[in-house]
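Note that ligands are numbered from 1 as they come in the structure, with each ligand's atoms numbered from 1 the same way. Remember, it's a predicted structure, so these values are computed and weren't measured experimentally.
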Amino acid sequence: MEQLTFLAVHAHPDDEASSSGGLYRLLADQGVRTVLVTCTNGECGDALDGAKPDADHHDGDEVAKIRAVELDNAVKILGIDRLIRLGYRDSGMMGWPQNDDPESFWSTPVDVAATRLAKILNEERPQVVMTYNEYGFYGHPDHIQANRITLAALALIDYAPTLYYNAIPDSVMATYRARWEQEEREQREADAAKGIVREPENEDDEDERPDLGTPDEEIGAIVDISSVNGSKFDALEAHQSQIADSFWMKMGREQFIDVMRSEWFVRVTNPMGLDGCVDDIFAGYR
Ligand SMILES: [Zn+2]
């Protein structure tokens with residue numbers, strides 16, 4: 001039988017765990033070859049002391065070094081066969097000065113990065129490719145750029161893989177929102193009990209949050225990751241320097257295993273002519 005290969009294009013170290021950690025581990029367990037392309041080094045992440053990139057002593061190169069080791073650890077946990085780092089500098093959030101760094105991923109011409117990615121695709125010939133949608137899932141420039149180079153690279157190769165975007169269905173997003181609001185309420189109550197008064201949340205900011213959910217009927221694959229979601233948690237936890245505010249870590253491993261039982265994808269290209277929502281991202285190939 002033909003070797004099955006999966007390749008995902010991710011923006012930063014830790015994205016492989018958060019949006020496809022379960023899928024990676026599951027596919028590895030099934031004997032599928034798994035490849036990860038990480039576009040940036042994550043220089044705009046938190047420093048070890050929690051400092052954000054706008055802090056004077058935040059050293060992006062130092063952060064990148066730490067994150068490189070964390071990524072290696074996550075790759076081991078998820079059983080990923082090959083990691084390719086494109087090595088671009090993290091562009092930061094939209095509008096940050098890091099966007100304009102000539103070495104940033106955002107400043108890199110799409111065709112330049114796409115040519116590199118196309119070379120990898122031609123080598124690996126994955127049947128299934130995954131990245132983010134054209135909004136980069138939540139509007140981060142590096143995620144948007146990952147989408148752009150993936151689409152451009154697919155136009156450069158001589159075969160047509162099935163492309164999926166990671167997604168969270170609206171119905172699931174509603175349960176996350178309820179949980180976030182609950183956490184905020186509890187925090188406010190705990191603060192109030194200690195006599196701390198926090199500034200009220202700015203309602204306008206709230207409205208500007210991008211709509212992260214995808215209509216349920218647009219989901220093209222729902223993958224049951226309940227057999228491997230402990231590994232997904234461990235891979236998230238491997239990104240030690242970045243998890244201080246993590247929703248998942250606050251949940252704890254036990255509850256995470258209980259709750260985070262699926263990953264969802266939108267099918268973007270459909271060379272195998274699949275109908276409706278499938279439960280296997282390699283549907284049509286095995
Ligand atoms: Zn990211």
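At a threshold of 4.5 Å between side-chain heavy atoms, the hydrophobic network of Ile, Leu, Val, Met, Phe, Trp and Tyr places Trp180 and Met251 in one connected group. One hydrophobic cluster, built from ILVMFWY side chains closer than 4.5 Å, holds both Leu27 and Met272. Trp264 is connected to Phe233 through a chain of hydrophobic side-chain contacts under 4.5 Å among Ile, Leu, Val, Met, Phe, Trp and Tyr, so both are in one cluster.
Of all the N, O or S atoms in His12, the one closest to the Zn ion (ligand 1) is ND1. Atom OD2 is the N, O or S atom of Asp15 at the shortest distance from the Zn ion (ligand 1).
In summary, His143 places an N/O/S atom under 2.8 Å from the Zn ion (ligand 1), meeting the contact criterion.
Aromatic rings from Tyr138 and Tyr132 are positioned such that their centres are separated by 6.0 Å or more.
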